[in-house]
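Scroll down for the structure; my scribbles are underneath it.
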Number of protein chains: 2
Amino acid sequence: MKKAPTIKEIARMLNLSISTVSRALHNSEDISPATTKRVKEVADELGYEPNQTALFLKSGKTLTLGVILPHLSEAFFSEAISGIEDFASEHNYNVLMGQSHDDTEREKKIVEAMKNHRVDGILVSIAKNTKDFTHFDNLKKYDIPVVFFDRVPDRKEANTVTCKMEAAMQEAVEFLVKNGHTRIAFINGPKDLLATRERLRGYENALKSLHVAMNNQFVVHSDLSPDATYRAMQHLLTLKPGPSAVIAFNDYVALDAMQYARKMNIKINKDISFVSFANLPVWSYMENPPLASVEQFPYRQGQRATEMILDILNAPRTAKQHEKFNKIILEPRLFIHT
Amino acid sequence: MKKAPTIKEIARMLNLSISTVSRALHNSEDISPATTKRVKEVADELGYEPNQTALFLKSGKTLTLGVILPHLSEAFFSEAISGIEDFASEHNYNVLMGQSHDDTEREKKIVEAMKNHRVDGILVSIAKNTKDFTHFDNLKKYDIPVVFFDRVPDRKEANTVTCKMEAAMQEAVEFLVKNGHTRIAFINGPKDLLATRERLRGYENALKSLHVAMNNQFVVHSDLSPDATYRAMQHLLTLKPGPSAVIAFNDYVALDAMQYARKMNIKINKDISFVSFANLPVWSYMENPPLASVEQFPYRQGQRATEMILDILNAPRTAKQHEKFNKIILEPRLFIHT
DNA sequence: CTGTTAGCGCCTTCAT
DNA sequence: ATGAAGGCGCTAACAG
């Protein structure tokens, strides 16, 4: 009762050889229907299931994907996981989870653990301070492909799934300008992130193309912590004239910024309008959500990233050796909250 | 380059036997420091890492826990995962994720997949319609323990981690009564869930002990979908006199109920006060959160459940055979939003 | 100190 | 139509 049944036991019980049992279970042509039937009956009775770990060892494949994210409990990422898990399980892959807590050292440890576990591939959104990618590069030795999504390294040698953030930022700025805003502040994210640079570029380009003067004072940074966002907001509020609109790096920054503004008795979307990135599902429940959010489709990003890595895994070896890097760039969408 | 290095290669390169290499890597006493050093150097050079799948096969343990949840993207569950992952990784366990989408059939498939994967143990919050537990009971044959948390089966033969919901409900009702409410409605959850029955019992007991008359019309149900919650709320609003307070089964039900109320021009916490269960992190950002929420500490529940399963795994076999069932009941806390 | 061997569960030639 | 044997990577007796 206490030990999982094996083909060996089945073989012994029926006085057959292990290989006969194995073949019978695989419906091999050259086993008599009679024995096949007997074998299957006993297998059912014992509740036999093949031991994957044995198959893993033999095949060198684990049918498992590793997923490394900064925080599993953040809505954006948990949506992404959901997409990953759905797509993976449809294709009979399992999903191993790890959270880096935005700490590069933990990220390295997780990569190590997943390497030892011999996952077939790894999906990752990098920690916000990760600048060195050797822990990912080392996976090549183990023939474990990596696909980055959302938070991706800023370099060509990487498989990535991202949203076209520059364009989205342009849309966001245009939206605000069309609504009469010219003093548009921007609380950007940690300077290391590619996403931060992209958004800034989009912000600058949009203002330029719309002939709106850019004020460097209006661009501030947050490391995404509430405190940093409060400080950023505080700074913006000292300016005169202050901004009439604020674009936030993401929804959490927007939440913190709006909260701070409320404390300062500023009327959300009256005194200062807000636009954010990511589009949390809770916005629909809030009385005063941002005017608009750039929807980044985390579920789809997760799906596409999974699709990409399965493609890589199923591609013929030659393709892998060529080290071509795949890039998928999704079109985000400005979602106007009504 | 394309294949992970093995001790075999290292052995060949140094003209040593496989076992010598193995022992050297494990700092065995009886290997000369010299050889140990040589072996480790080569291992480092090759970037050798032991193949866990081989160890799994040998030891029969995978150092992997399976986690099955209704929805990975729901805040409550993603918090729980976070707690699980943190605790598990501290103890060198990996976490395999699966989401049932609240569908018993998918739940069964995931159990099957995890069984084949030979996870060492499984943590589950069951799908809302799951009434039959044979797919979990079958795991006994494979000696895979199961710990249920939050959404647990209503029977003695199960390891569970839960919150003492009856008591929490009493606190919630008392809170409302102290604030002058006597017409307290309750939007309860799906009737199959143990949590639903527990909350109802707490509700009834509280009213009784506080000598507040109970009105059966005030108790309605939602299957947790927005539509069902709207209908429940709609029904409550037809009553005269209507409720002055509403207790919602969980935060999502509260969100939907409050949204519906707002649409009907009801002032939240003025015309009707709300109290909910779970305490989503977003409440702190909302202008009109419920007056209070019963905090269920999902992160801690996840942690405790993980702790419990690791205890079971590390317990001597005899203890397992006795089939004692562990129960942890956490004390929830009524969190008053200020 | 180091090598040889068997075996974890399964699949897969190669024999019979 | 079935059996025997080898091997996936590693550990752990058992020999020297």
Side-chain angles (χ1 to χ4, degrees), chain A residues 2-40 42-43 46-64 115-120 141-144, chain B residues 2-40 42-43 46-64 115-120 141-144:
Chain A
K2 280 285 142 198
K3 187 100 187 319
T6 70
I7 49 171
K8 197 178 185 175
E9 292 178 51
I10 300 177
R12 204 165 21 72
M13 292 175 68
L14 290 134
N15 278 316
L16 286 172
S17 75
I18 292 174
S19 42
T20 304
V21 175
S22 172
R23 277 179 285 221
L25 291 170
H26 288 267
N27 301 310
S28 166
E29 292 291 320
D30 44 34
I31 295 290
S32 76
T35 22
T36 301
K37 187 153 165 283
R38 284 197 304 151
V39 168
K40 290 200 169 176
V42 177
L46 273 77
Y48 168 83
E49 297 282 348
N51 184 338
Q52 294 279 18
T53 64
L55 299 180
F56 295 163
L57 176 58
K58 232 192 148 27
S59 67
K61 293 293 154 204
T62 55
L63 295 181
T64 301
K115 177 166 72 177
N116 293 354
H117 204 287
R118 294 295 191 273
V119 296
D120 290 344
K141 285 196 197 122
Y142 286 77
D143 202 19
I144 299 175
Chain B
K2 280 285 143 202
K3 187 102 186 318
T6 70
I7 49 172
K8 198 177 185 176
E9 293 177 49
I10 300 177
R12 204 166 20 73
M13 291 175 67
L14 291 129
N15 278 317
L16 286 171
S17 77
I18 292 175
S19 46
T20 304
V21 174
S22 172
R23 277 178 286 218
L25 291 171
H26 288 266
N27 300 310
S28 167
E29 292 290 318
D30 45 34
I31 296 290
S32 76
T35 9
T36 302
K37 187 153 165 283
R38 285 197 304 151
V39 168
K40 289 201 170 176
V42 178
L46 270 67
Y48 168 83
E49 296 283 349
N51 184 338
Q52 293 279 19
T53 65
L55 298 180
F56 295 162
L57 176 58
K58 222 183 158 30
S59 67
K61 294 294 155 205
T62 55
L63 294 182
T64 301
K115 177 165 72 178
N116 293 353
H117 203 286
R118 293 296 191 272
V119 295
D120 290 343
K141 285 195 197 124
Y142 285 78
D143 201 19
I144 299 175

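Quick note on labels: first sequence line is chain A, next is B, and so on, each numbered from 1. Just so you know, these numbers use all the heavy atoms, side chains as well, and skip hydrogens, waters and symmetry mates. Bear in mind that the values here come from a model prediction, so they are computed numbers and not experimental data.
Following rounding to the nearest Å, B/Arg38 (CZ) and C/dC1 (P) show an atom-to-atom distance of 14 Å. If you measure from atom NZ of B/Lys8 to atom C1' of C/dG3, you get 16 Å, rounded to the nearest angstrom. The separation between A/Asn51 atom CG and C/dC11 atom C1' is 13 Å, rounded to whole Å. Residue B/Leu14 contributes atom CG, which lies 18 Å from atom P of C/dC1 at whole-angstrom precision. A/His117 has its NE2 atom 16 Å from the C1' atom of D/dG9, to the nearest Å. Following rounding to the nearest Å, A/Lys61 (NZ) and C/dC10 (C1') show an atom-to-atom distance of 18 Å. Here D/dT2 presents its P atom at 16 Å from CD1 of A/Ile7, a figure rounded to the nearest Å. Atoms CG (B/Asn27) and P (D/dT11) sit 12 Å apart, rounded to a whole Å.
The listed nucleotides are C/dC10, C/dT4, D/dT11; the one nearest the side chain of A/Leu55 is C/dC10. Here the side chain of A/Arg23 is nearest to one of D/dC8, D/dA4, C/dG3, namely D/dA4. Distance from the side chain of A/Leu57 is smallest for D/dC8 among the nucleotides D/dC10, C/dC8, D/dC8. Distances were taken from every side-chain heavy atom of A/Tyr48 (C-beta onward) to each of C/dC10, C/dT13, C/dG9; the shortest belongs to C/dC10.
For A/Thr62 against A/Arg118, the heavy-atom pair with the smallest separation is OG1-O, 2.7 Å. The nearest pair of heavy atoms linking B/Asp120 to B/Gly60 is OD1-O, 4.4 Å. Shown here for B/Gln52 and A/Asn116, the closest heavy-atom pair between the two residues is CG-O, 2.6 Å.
Checking B/Val39, B/Thr20, B/Ile31 one by one against B/Leu25, the side-chain contact (heavy atoms from CB on, under 4.5 Å) holds for a single residue, B/Val39.
Phosphate contact (OP1/OP2 of D/dG9, side-chain N/O of B/Thr6, threshold under 4.0 Å): absent. Regarding contacts with the backbone of C/dG3, a side-chain N or O of B/Thr20 is found under 4.0 angstrom from either OP1 or OP2. At least one side-chain nitrogen or oxygen of B/Ser32 sits closer than 4.0 Å to the OP1 or OP2 atom of C/dT2. Taking only side-chain nitrogens and oxygens, A/Lys58 never comes nearer than 4.0 Å to OP1 or OP2 of D/dG9.
Nearest-nucleotide positions on DNA chain D place A/Thr36 closer to the 5' end than the other of A/Thr36 and B/Pro5. When each of A/Glu49 and B/Asn15 is assigned the nucleotide of DNA chain C with its nearest heavy atom, B/Asn15 is the one assigned upstream, toward the 5' end.
Backbone-only engagement by A/Thr35 is indicated by non-hydrogen atom pairs under 4.0 Å involving sugar-phosphate atoms exclusively. Looking at heavy-atom distances under 4.0 Å, B/Ile18 makes contact with a base.
Residue-to-nucleotide contacts include no donor-acceptor pair under 3.5 Å from the side chain of B/Arg118 to the base of C/dG9. Residue B/Ser19 places no side-chain atom within donor-acceptor reach of the base of C/dT5, judged by atom type and a 3.5 Å distance cut-off alone.
Remark: side-chain polar atoms of B/Tyr48 are not paired, donor with acceptor, to backbone N or O of B/Glu9 under 3.5 angstrom. Side chain of B/Ser28 to backbone of B/Ala24: no donor-acceptor contact under 3.5 angstrom is found.
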